[in-house]
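Take a look at the structure below.
We name chains A, B, ... by the order of the sequence lines, and we start the count at 1 in each one. Given the structure is predicted, the values throughout are model-derived calculations rather than measurements.
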Amino acid sequence: MIFLALLLGLLLFVLGLAVVMLRRSAILLFLGIELMLNAANLTFVAFSSANGALDGQIAVIFTIAIASAEVGVGLAIFIVLFRRFKTQSVDDLRILRW
Amino acid sequence: MATALFFAFAALALVFGILVAALRHPLYAALSLVGVIGCLSVLFYLLGAPFLAMVQLIVYAGATLVLILFVIMLLGLRSEPRAPEAHPVQKGLGLLLCLNMLLFFLLGAGTLVRKTVPMTGGGARSGVEDLGRLLFSRYLLPFEAVSLLLLAAAVGAFLLARREWK
């Protein structure tokens, strides 16, 4: 069961990474990051269950809290950018580049 | 029984994960992510973390994903007509990185994990009480730091997304 959980965590992480690498829409990048965070959480819980120690579960609580903070600020930035540039593609947002 | 349930929800989570990666419409992808999170909640419960299962449902699906869905609907996002695609080189390198990561963890880290971690499973089921004691004793300082971070994020998000941003 634990090995299966670790395998699922790996597959979900790679799927999230593929979304971040291949998609150009900022909101889809968010979803990819969330998918990767969830895969990491699953791995934490699986290792915690294997070791019989609770520290992994504590780490998951912190991950969830930090993920919600990240989503809040990130979406605020995304709303500002979308209102100003009328695009959701990260390739069109190049004013920070030279 | 538990193992069969675990297999079923793991497969379902994988299907939803593939949907997140495959769908182009932000709304559908976000709804698939809600499915992934629901399945992972069941898996957390089966792995002996009932408290995290509920936190996953309430905080992640109930707050974080609803926030994302809210923004998608607020801005009326659709899959853009000229589907924004990555540059071919970028795409190839990205796929290469993903494949690399998959193989690395599957072969390299996988054998290491198999050697060091007991794969017997069935670890002690954790009560909320033990979790709370640990959180408020050994992890008190990170807990306070995270509360400060959440406060800063709330203020920052409010300042950024105001309508009259001058």
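The shortest distance between side-chain heavy atoms of Gln57(A) and Leu134(B) does not fall below 4.5 Å. Side-chain contact between Leu93(B) and Val89(B) is present, with at least one heavy-atom pair separated by less than 4.5 Å. A heavy-atom distance below 4.5 Å is not found between the side chains of Met21(A) and Lys91(B). Side-chain atoms of Leu28(A) and Leu31(A), non-hydrogen and from C-beta on, do get closer than 4.5 Å to each other. Proximity of Val42(B) to Leu12(B): side-chain heavy atoms (C-beta onward) are nowhere separated by under 4.5 Å. Looking at Glu70(A) and Ile33(A), their side chains come closer than 4.5 Å, going by heavy atoms from C-beta outward. At a threshold of 4.5 Å between non-hydrogen side-chain atoms, the residues Gln56(B) and Ile37(B) count as touching. Taking the side chain as every heavy atom from C-beta outward, Leu46(B) and Thr3(B) never approach each other to under 4.5 Å.
By number of non-hydrogen pairs under 4.5 angstrom with chain A, the leading residue of Val146(B), Leu74(B), Val71(B) is Val71(B). Per-residue counts of heavy-atom pairs under 4.5 Å with chain B were compared for Ile64(A), Val14(A), Leu11(A), Ile58(A); the largest is that of Ile58(A). When the candidates Val55(B), Ile72(B), Ile68(B) are compared by the number of heavy-atom contacts under 4.5 Å with chain A, Ile68(B) comes out ahead. The choice from Leu7(A), Val19(A), Leu42(A) that makes the most heavy-atom pairs within less than 4.5 Å of chain B is Leu42(A). The candidate with the highest count of non-hydrogen atom pairs below 4.5 Å against chain A, out of Phe143(B), Phe158(B), Tyr139(B), is Tyr139(B). In terms of non-hydrogen atom pairs under 4.5 Å with chain A, the most contact-rich of Pro142(B), Gly94(B), Cys98(B), Ala13(B) is Cys98(B). Interface summary for chain B: among Val20(A), Leu15(A), Ile79(A), Leu37(A), the most heavy-atom pairs under 4.5 angstrom belong to Leu15(A). The candidate from Leu75(B), Leu150(B), Leu43(B), Leu23(B) with the greatest count of non-hydrogen atom pairs under 4.5 Å with chain A is Leu75(B). Of the residues considered (Val60(A), Ile77(A), Leu17(A)), Leu17(A) shows the highest number of contacts with chain B, using heavy-atom pairs under 4.5 Å.
Judged by distance alone, the side chains of Tyr60(B) and Asn41(A) never bring a donor and an acceptor atom under 3.5 Å apart.
Both the backbone and the side chain of Leu35(A) come within contact range of chain B, each with at least one heavy atom under 4.5 Å from a heavy atom of that chain. Both the backbone and the side chain of Val20(B) come within less than 4.5 Å of a heavy atom in chain A. Proximity to chain A (any heavy atom under 4.5 Å) is restricted, for Leu40(B), to the side chain, taken from C-beta onward. For a residue to count as touching a neighbouring chain, one of its non-hydrogen atoms must lie under 4.5 Å from one of that chain's; by this rule Leu99(B) does not touch chain A. Proximity to chain B (any heavy atom under 4.5 Å) is restricted, for Leu8(A), to the side chain, taken from C-beta onward. Heavy atoms of Ala22(B) lying under 4.5 Å from chain A belong exclusively to its backbone. Residue Ala30(B) touches chain A through both its backbone and its side chain, counting heavy-atom pairs closer than 4.5 Å. With a 4.5 angstrom heavy-atom cutoff, Ile27(A) touches chain B only via side-chain atoms.
Two different hydrophobic clusters hold Ile58(B) and Ile66(A) under the rule that ILVMFWY side chains link at heavy-atom gaps under 4.5 Å.
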Exercise for the section: In sequence, state the C-alpha distance, the side-chain angles, and the governing distance for Asn38(A) and Leu12(A), and then conclude on side chain to side chain contact (heavy atoms under 4.5 Å, CB included). Expected result: CA-CA 8 Å; Asn38(A) 270 297; Leu12(A) 286 182; 5.8 Å; no
